[in-house]
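Note sheet for the following structure.
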Amino acid sequence: MNATVTAPVRRSPLAHRSAMSAPDDLLHLSERAFDAKIVLRGLPEVLAPAIEKVTGLAMPEATRSTANDAHRLLWQSPDEFLLLGPVDGEPELMTALTAELDGRHVQIVNVTDYHTTLVLSGPKARETLMTLSTLDLHPRGFTVDQVAGTTFGHALGWLVQTGDDAAEGGPVFEVLVRWSHADYLFCELTHGARAFGMPEARPVSGELMEI
Amino acid sequence: MFVIDCPNCGARDQSEFTYAGEAHIARPTDSENMTDAEWAEFVFMRTNTKGLFAERWWHATGCRKFFNMLRNTATDEIHAVYRIGEKPPKVTADLPATPAGEASIGSGNDAVKIMTRDEEAAS
C-alpha cells in the first residue's frame with residue numbers, strides 16, 4: 001500500500017474568527033495571514049540595490065513605505081526594513097535577496113509566520129484605531145504609505161496606511177501584529193468599533209462559551 | 001504623560017518610550033586595574049540631578065533606538081533631544097521657585113540640604 005504523505009497545512013491565528021463589518025460599510029475588519037514577510041537589517045545604501053533588483057522598490061524615507069503591485073517595503077528603523085510580498089513568495093524572495101547580498105554586512109530573516117496582518121478599512125477606520133492607540137491619526141498627521149510602530153492596547157504592532165482617504169470606501173489600514181497577539185487585537189478592534197455598530201467578535205469554531 | 005520627539009520617528013507619546021538612565025557615562029578604559037570602589041562608582045553611582053539632566057531614552061515600540069535627552073527633572077520640560085554620540089546642545093533652564101525656598105540641589109529635607117559654612121554656623 002502506498003502511504004500518502006500530506007503536507008502540513010498552515011492554520012492562521014484567526015482561523016476561528018470570520019471577517020467582520022459594521023453596518024453601512026462604515027468599517028470592515030479582516031485578517032490576511034501568510035503574506036511573505038522578510039526583515040532586512042543593514043545600511044540602506046547597502047540594501048537598496050538588492051531590493052531594487054529583486055522587487056523593483058525604492059528605499060522608503062523614515063516613517064514611510066514604498067509599494068508596487070506585489071510588494072511593500074516598510075521603514076522600521078534607520079537600519080531595519082520589513083519587506084512584504086505575495087503569499088508563498090518568501091522562499092523566492094529569501095533566495096534572491098540572500099544571493100544579491102552575499103558577503104555584505106546585512107541580516108535577512110524570514111518572519112512570515114511571526115506576524116499576521118489585520119486589514120481595517122472604511123470611513124471609521126481612523127476613529128477605531130484612535131480608541132486603541134496614542135498616535136496622531138488625523139488625516140493630516142497620518143497619511144497614505146505612512147508607517148508607525150506603536151502599541152494598540154497591550155499589543156505591539158506596526159501600522160501602515162495602504163489606501164487613500166479620498167478613495168471610495170474610505171482609508172485602508174493594515175496592522176502587522178504578532179501571531180499570539182492577533183486574537184486579542186482583533187477583539188479589541190471590534191470592541192473599539194462598537195459605537196459604529198460593529199457586533200462583538202464571536203468565534204466561529206472551537207469552544208463557544210455562553211454566559 | 002508627555003510627548004517625546006524621537007530623532008527617528010517624530011513626536012510620539014511617552015508610553016512608547018523606556019527610560020534608560022543617565023547619559024554620557026563613559027565606560028572605563030583601564031578596567032583590569034580598577035578597585036571595587038571604582039567599579040561601584042561606575043556601575044551604581046548617579047548624580048540624581050534636580051534640574052537640567054542629560055539622560056538616555058529608548059523608543060521601545062518604534063525604531064528601537066536609544067537617544068539622549070536634556071530634561072528638566074523638576075518641571076519635566078524637554079529642552080533638547082539629540083542622537084547617541086552627539087554632544088549635548090547648550091541650553092539654559094530655570095528651576096521653579098518654591099515657596100519654602102528649598103535648596104536647588106537635593107530634596108526639601110533639611111537633613112540632606114547643601115548648606116554653606118555660614119549657614120551651618122548660624123544654625
Side-chain angles (χ1 to χ4, degrees), chain A residues 39-44 47 59-65 73-82 107 109 111 114-115 129-143 145-161 175-178 180-181 184-185 188, chain B residues 1-27 29 52-91 93 96:
Chain A
V39 164
L40 293 140
R41 294 206 61 181
L43 294 173
L47 297 171
M59 298 302 278
E61 293 171 13
T63 75
R64 308 293 301 179
S65 63
L73 184 63
L74 277 65
W75 177 96
Q76 290 195 312
S77 165
D79 58 359
E80 183 170 352
F81 300 86
L82 179 65
Q107 185 185 38
V109 185
V111 294
Y114 189 52
H115 295 97
L129 287 165
M130 282 176 198
T131 64
L132 286 174
S133 163
T134 58
L135 285 177
D136 176 9
L137 285 165
H138 189 278
R140 281 196 307 269
F142 205 90
T143 54
D145 287 340
Q146 192 154 343
V147 176
T150 187
T151 48
F152 298 93
H154 296 289
L156 284 176
W158 283 89
L159 177 69
V160 54
Q161 184 176 351
V175 184
L176 288 132
V177 63
R178 284 199 175 81
S180 54
H181 296 176
Y184 162 81
L185 187 54
E188 284 291 299
Chain B
M1 304 296 283
F2 43 84
V3 172
I4 294 174
D5 204 11
C6 171
N8 297 314
C9 302
R12 298 291 187 87
D13 189 83
Q14 181 209 340
S15 61
E16 296 191 2
F17 297 83
T18 300
Y19 184 71
E22 187 172 354
H24 309 302
I25 293 176
R27 191 178 174 81
T29 49
L52 203 56
F53 188 48
E55 56 198 11
R56 292 181 306 169
W57 283 77
W58 183 48
H59 193 183
T61 71
C63 59
R64 284 148 294 139
K65 299 289 183 211
F66 285 85
F67 57 92
N68 295 318
M69 181 192 294
L70 281 177
R71 182 174 66 98
N72 187 336
T73 55
T75 61
D76 265 350
E77 188 180 348
I78 298 169
H79 290 271
V81 169
Y82 54 104
R83 291 171 192 274
I84 292 290
E86 290 179 1
K87 293 260 186 266
K90 293 267 184 290
V91 298

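Chain A is the first sequence line, chain B the second, and so forth, proteins listed ahead of strands; every chain is numbered from 1.
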Problem - Region of A62(A) in contact with chain B, defined by heavy-atom distances below 4.5 Å - result: side chain

Practice task
Assert yes or no for the condition that the ring centre distance of F67(B) to F17(B) is strictly below 6.0 Å.
Solution key: yes

Pairs of donor and acceptor atoms, chain A with chain B, under 3.5 Å:
from, atom 1, to, atom 2, distance (Å)
S77(A), OG, C63(B), O, 3.3
D79(A), OD1, K65(B), NZ, 2.9
D79(A), OD2, K65(B), NZ, 3.2
E80(A), OE1, R64(B), NH1, 3.2
E80(A), OE2, R64(B), NH1, 3.4
G149(A), O, R12(B), NH1, 3.0
T150(A), OG1, E16(B), OE2, 2.5

Exercise for the section: Could you check F81(A) against L47(A) for side-chain contact (heavy atoms from CB on, under 4.5 Å), going step by step and ending with a plain yes or no? Expected result: CA-CA 9 Å; F81(A) 300 86; L47(A) 297 171; 3.7 Å; yes

Problem - Residues that F152(A) engages under ring-ring contact (aromatic ring centres under 6.0 Å, His included), provided they are two or more places apart - result: none

Problem - Atom pair CG (L82(A)) and CG (L176(A)), whose distance is rounded to the nearest 0.5 Å - result: 6.0 Å

Problem - Heavy-atom side-chain proximity of V177(A) to L156(A) below 4.5 angstrom - result: no

Exercise for the section: Mind checking the CG-CG spacing from L159(A) to L137(A)? Nearest 0.5 Å is all I need. Expected result: 6.5 Å

